[in-house]
Amino acid sequence: MATNEDNLKAIISHAKEYGFVFQSSEIYDGLSAVYDYGQMGAELKKNIKDYWWSAMVQMHENIVGIDAAIFMHPTTWKASGHVDAFNDPLIDNKDSKKRYRADVLIEEHVEKIRQKIEKEVEKGTKRFGDAFDEEQFRATNPNVLRNQSKIDEINLRFKVAMDEEDLAAVKQLIEELEIACPVSGSKNWTDVKQFNLMFSTEMGSVADAASTIYLRPETAQGIFVNYLNVQKTGRMKIPFGIAQIGKAFRNEIVARQFIFRMREFEQMEMQFFVRPGEEMKWYEYWKTERVKWHRSLGIDEKYYRFHDHVKLAHYANAACDIEFDFPMGFKELEGIHSRTDFDLKQHEQYSGKKLQYFDPELNESYVPYVVETSVGLDRTFLAILSASYTEEKLDDGSERTVLSLPAFLAPVKAAVMPLTRKDGLPEKAREIMEVLKFDFNCQYDEKDSPGKRYRRQDAIGTPYCIMVDHQTLEDNTVTIRDRDTMQQERVSIDQLEGILQAKVSFRKALTA
RNA sequence: GCGGGAGUAGCUCAGCUGGCUAGAGCGUCAGCCUUCCAAGCUGAGGGUCGCGGGUUCGAAUCCCGUCUCCCGCUCCA
């Protein structure tokens with residue numbers, strides 16, 4: 001029984017060997033947490049995108065898709081909260097080797113002082129009984145006052161230091177407060193480092209402070225800032241959705257585990273705009289819809305699990321994850337969030353533009369609520385790849401490695417091969433290729449024994465192999481071999497297009 | 001970022017008490033065979049042993065630095 005770790009290694013090797021995923025800039029020793037999709041990977045990824053787009057946009061009359069730029073006005077990220085929330089001052093304890101957020105350490109310290117005050121108040125309550133005037137006590141008791149002024153001073157100093165980005169002052173504050181590491185108990189700290197989770201760059205050829213812009217850390221904001229454009233030009237009526245597939249960038253502290261967590265990654269998102277008060281209904285609706293989509297890939301249900309968030313982000317009033325059993329365990333694959341009207345309200349405030357919708361049924365205007373579905377494209381890729389990767393032991397004792405990809409997502413739909421390289425069989429096989437290539441991505445292969453060629457196609461997940469043999473020359477029939485059952489069926493060449501179309505199109509999965 | 005492990009051919013690995021021209025299997029390519037589920041035959045290509053420096057007559061092997069990957073911790077909208 002292979003361990004999960006071995007399994008991940010096997011998948012990474014396989015992905016490299018067959019041209020699915022390469023490490024970025026490998027000849028230069030690679031670039032940490034960045035990967036490239038090779039010739040097979042690019043096809044599979046493209047097919048996943050197309051399938052998602054069909055399911056979300058093509059299958060819903062009230063959802064349209066956009067393609068917003070990666071560069072956005074810097075104020076976007078102030079409004080979204082990313083500038084503040086994605087900027088953590090970090091500090092390490094040299095003895096315990098633990099890393100902390102400096103602001104959290106200081107907050108915890110402040111909290112301790114606050115508890116001293118509360119104790120003092122409690123004592124007062126006991127001493128004075130019914131005659132106790134808490135307000136007056138807090139305003140006059142010297143111990144309380146002293147501690148309160150301590151708190152105020154710490155908070156002020158911290159705020160000033162952060163505003164001025166003076167990290168040395170933050171460290172000094174921690175040292176002066178004699179904050180100790182909860183694990184080692186020591187006060188042996190490294191310098192405070194700013195960890196900026198957003199990538200920044202300069203717009204324009206002349207660099208100055210005002211021209212700093214960020215690479216978007218999520219695609220959602222491109223939808224929010226265009227919500228009114230799309231609503232008006234597309235004559236969209238609430239409820240409606242805007243979908244987008246695109247790259248996003250995050251400077252992860254720990255970016256590892258193959259393509260699961262990359263610095264440059266791709267999201268498939270849909271923001272659904274609804275009437276305030278109806279958000280929970282739609283939240284439930286999209287939960288169900290998105291689970292259906294994942295199920296339609298034909299991957300065993302045991303790979304999936306739901307996780308409802310207890311602790312919610314500041315913008316959400318409900319959130320859940322669809323988790324997948326990756327080789328490294330259950331991890332988030334897709335998030336479904338009820339984002340309230342937080343984002344649009346923020347953009348209204350920062351832009352000074354009204355982002356409201358006039359609802360003719362209610363005869364009133366409002367800022368819509370938003371239900372978001374956001375699935376990682378690279379994670380979906382990894383999920384499909386890892387669930388499809390199988391090392392089989394056959395009855396005759398031999399082995400084969402097969403990617404049992406959903407047929408409609410497979411990079412190559414069919415391989416066309418002549419049984420031998422003589423007697424006009426290659427020519428006949430080429431003829432078939434010429435017909436099929438307009439509708440299906442096909443490979444031609446005449447090298448090595450038939451069995452070997454079948455295995456090669458199994459390794460890249462090609463669902464069907466079409467073999468041209470001597471009988472083909474007599475009656476225009478070929479054998480079509482199924483990847484999963486390894487069974488062959490003899491069919492006439494005229495039937496091929498129809499057979500492939502039925503098995504390989506999105507239709508069956510989308511209507512299941 | 002810290003701690004631990006690792007890095008030799010496309011893949012899996014051997015060689016590592018310093019010493020022939022750095023090897024094997026699989027894969028790849030060309031040819032033979034003309035075969036319906038890997039492993040028939042012949043041949044070829046492919047590595048400055050992650051990179052840089054040092055010790056030495058001599059380094060894949062020993063020492064230092066560095067990069068990358070894996071595991072754990074920290075973080076995670």
Side-chain angles (χ1 to χ4, degrees), chain A residues 3-6 8-10 12-19 22-35 38 80-82 85-86 88 90-101 104 181 183 190-191 193 195 197 217-218 220-221 248 250-258 261 267 309 311-316 319 321 328 331-332 335 337 339 342-343 372 374 392 394-402 417-423 425 446-459 465 467-471 478-483 485-488 490:
Chain A
T3 64
N4 282 338
E5 199 180 309
D6 291 340
L8 181 61
K9 275 189 182 157
I12 294 171
S13 300
H14 192 87
K16 181 185 177 185
E17 186 158 9
Y18 290 94
F22 306 123
Q23 199 193 354
S24 162
S25 320
E26 196 186 348
I27 61 166
Y28 292 109
D29 280 336
L31 187 61
S32 187
V34 184
Y35 290 88
S80 69
H82 284 84
F86 262 35
D88 298 332
L90 300 175
I91 190 166
D92 293 338
N93 182 269
K94 288 180 188 167
D95 299 310
S96 65
K97 310 291 182 198
K98 294 286 176 191
R99 165 167 292 184
Y100 300 92
R101 276 172 54 176
V104 171
C181 167
V183 174
T190 63
D191 287 343
K193 279 172 215 146
F195 208 97
L197 281 100
E218 64 172 25
Q221 300 304 327
R250 288 185 198 175
N251 225 336
E252 303 285 350
I253 296 175
V254 177
R256 255 186 272 171
Q257 293 171 321
F258 197 39
R261 179 165 290 144
Q267 294 179 305
H309 285 213
K311 210 178 118 194
L312 296 169
H314 58 269
Y315 57 73
D321 292 340
M328 55 281 186
K331 304 266 185 185
E332 178 182 352
H337 296 172
R339 291 182 80 126
F342 176 85
D343 296 279
E372 165 189 275
S374 173
E392 277 184 0
L394 303 180
D395 293 340
D396 63 0
S398 65
E399 286 173 15
R400 71 163 186 159
T401 303
V402 54
M417 34 185 86
L419 184 62
T420 74
R421 272 196 282 194
K422 295 208 306 199
D423 308 329
L425 297 184
E446 60 177 26
K447 172 80 180 158
D448 296 314
S449 72
K452 220 171 196 176
R453 284 180 271 169
Y454 287 146
R455 297 299 165 94
R456 270 205 285 267
Q457 295 301 328
D458 289 341
C465 291
M467 184 66 83
V468 172
D469 56 15
H470 292 91
Q471 192 181 328
V478 292
T479 61
I480 180 163
R481 178 259 194 189
D482 182 279
R483 175 194 66 201
T485 63
M486 298 199 286
Q487 295 300 306
Q488 285 170 255
R490 185 163 281 279

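Just so we're on the same page: letters track the sequence lines, and every chain starts at 1.
Taking atom C1' on both B:rA24 and B:rG58, the two are 26 Å apart, rounded to the nearest angstrom. Across the C1' atoms, B:rA59 and B:rC2 are found 32 Å apart, a figure rounded to whole Å. With both ends at atom C1', the span from B:rU61 to B:rA22 equals 12 Å, rounded to whole Å. Rounded to whole Å, the C1' atom of B:rA6 lies 14 Å from the corresponding atom of B:rC13. Comparing the P positions of B:rA9 and B:rC51 gives an interatomic distance of 10 Å, to the nearest angstrom. Taking atom P on both nucleotides, B:rU56 is separated from B:rC70 by 38 Å, rounded to a whole Å. On the C1' atoms, B:rG50 is 37 Å away from B:rG31, given to the nearest whole Å. Straight-line distance between the C1' atoms of B:rU21 and B:rC64: roughly 30 Å, to the nearest whole Å.
Across every strand in view, B:rC41 sits in a pair with B:rG31 that passes the Watson-Crick or G-U test at under 3.5 angstrom. Of all nucleotides present, only B:rC13 satisfies the Watson-Crick or G-U wobble test against B:rG23, with each distance under 3.5 Å. Across all strands shown, B:rC69 pairs with B:rG5; the Watson-Crick or G-U wobble distances both stay below 3.5 Å. B:rU61 is unpaired under the Watson-Crick or G-U wobble criterion, no partner having all donor-acceptor distances under 3.5 Å.
Place A:Asp448 and A:Arg490 on RNA chain B by their nearest nucleotides, and A:Asp448 ends up nearer the 5' end. Nearest-nucleotide positions on RNA chain B place A:Lys447 closer to the 5' end than the other of A:Leu394 and A:Lys447.
A:Asp458 has a carboxylate O that lies under 4.0 Å from a charged side-chain N of A:Arg400, or vice versa, which qualifies the two as a salt bridge. At a threshold of 4.0 Å, the pair A:Asp448-A:Arg421 does not count as salt-bridged, since none of the basic side-chain nitrogens sits closer than that to a carboxylate oxygen. A:Arg339 and A:Glu218 are joined by a salt bridge, as a carboxylate oxygen and a charged side-chain nitrogen come within less than 4.0 angstrom of each other.
Nucleotide B:rG27 holds its C1' atom 7 Å from the OH atom of A:Tyr18, rounded to whole Å. Per the geometry, CZ belonging to A:Arg455 stands 18 Å off C1' belonging to B:rC11, to the nearest Å. Between A:Glu446 atom CD and B:rC29 atom P there is a gap of 11 Å when expressed in whole angstrom units. In this structure, the CD atom of A:Glu218 is 16 Å from the P atom of B:rC76, given to the nearest Å. Summarising the geometry, the separation between CD on A:Glu392 and P on B:rC37 is reported as 16 Å, rounded to the nearest angstrom. Nucleotide B:rG27 holds its P atom 18 Å from the NZ atom of A:Lys16, rounded to whole Å. As a whole-Å value, the separation of A:Gln23 CD from B:rG7 C1' is 12 Å. One interatomic measurement links the two molecules: CZ of A:Arg261 to P of B:rC71, which rounds to 12 Å at whole-angstrom precision.
At the heavy-atom level, A:Asp469 lies under 4.0 Å from base atoms of the strands shown. Among the atoms of the strands shown, base atoms are found under 4.0 Å from some heavy atom of A:Thr479.
Considering only side-chain atoms of A:Tyr454, the nucleotide from B:rG27, B:rA77, B:rC36 that sits closest is B:rC36. Comparing B:rC36, B:rU34, B:rG10 by their closest approach to the side chain of A:Glu17 singles out B:rG10. Nearest nucleotide to the A:Tyr35 side chain, out of B:rA38, B:rA30, B:rC69: B:rC69.
Between A:Tyr35 and A:Phe258, a ring centre-to-centre spacing shorter than 6.0 Å is recorded.
Contact of the A:Glu392 side chain with the A:Val402 side chain is registered, since non-hydrogen atoms from C-beta on lie closer than 4.5 Å. Residues A:Pro450 and A:Met417 are not in side-chain contact: their nearest non-hydrogen atoms beyond the backbone lie 4.5 Å or more apart.
With hydrogens and angles left out, the side chain of A:Arg481 and the base of B:rC37 share a donor-acceptor pair within 3.5 Å. In the interface, the side chain of A:Arg400 is not paired with the base of B:rC37 through any donor and acceptor atom under 3.5 Å apart.
For the pair A:Ser13 and B:rU12, the criterion of a side-chain N or O lying under 4.0 Å from OP1 or OP2 is met. Contact between the side-chain N/O atoms of A:Arg456 and the OP1/OP2 oxygens of B:rU28 is found at a separation under 4.0 Å.
Looking only at distances, no side-chain donor or acceptor of A:Arg490 sits under 3.5 Å from a matching main-chain atom of A:Thr479.
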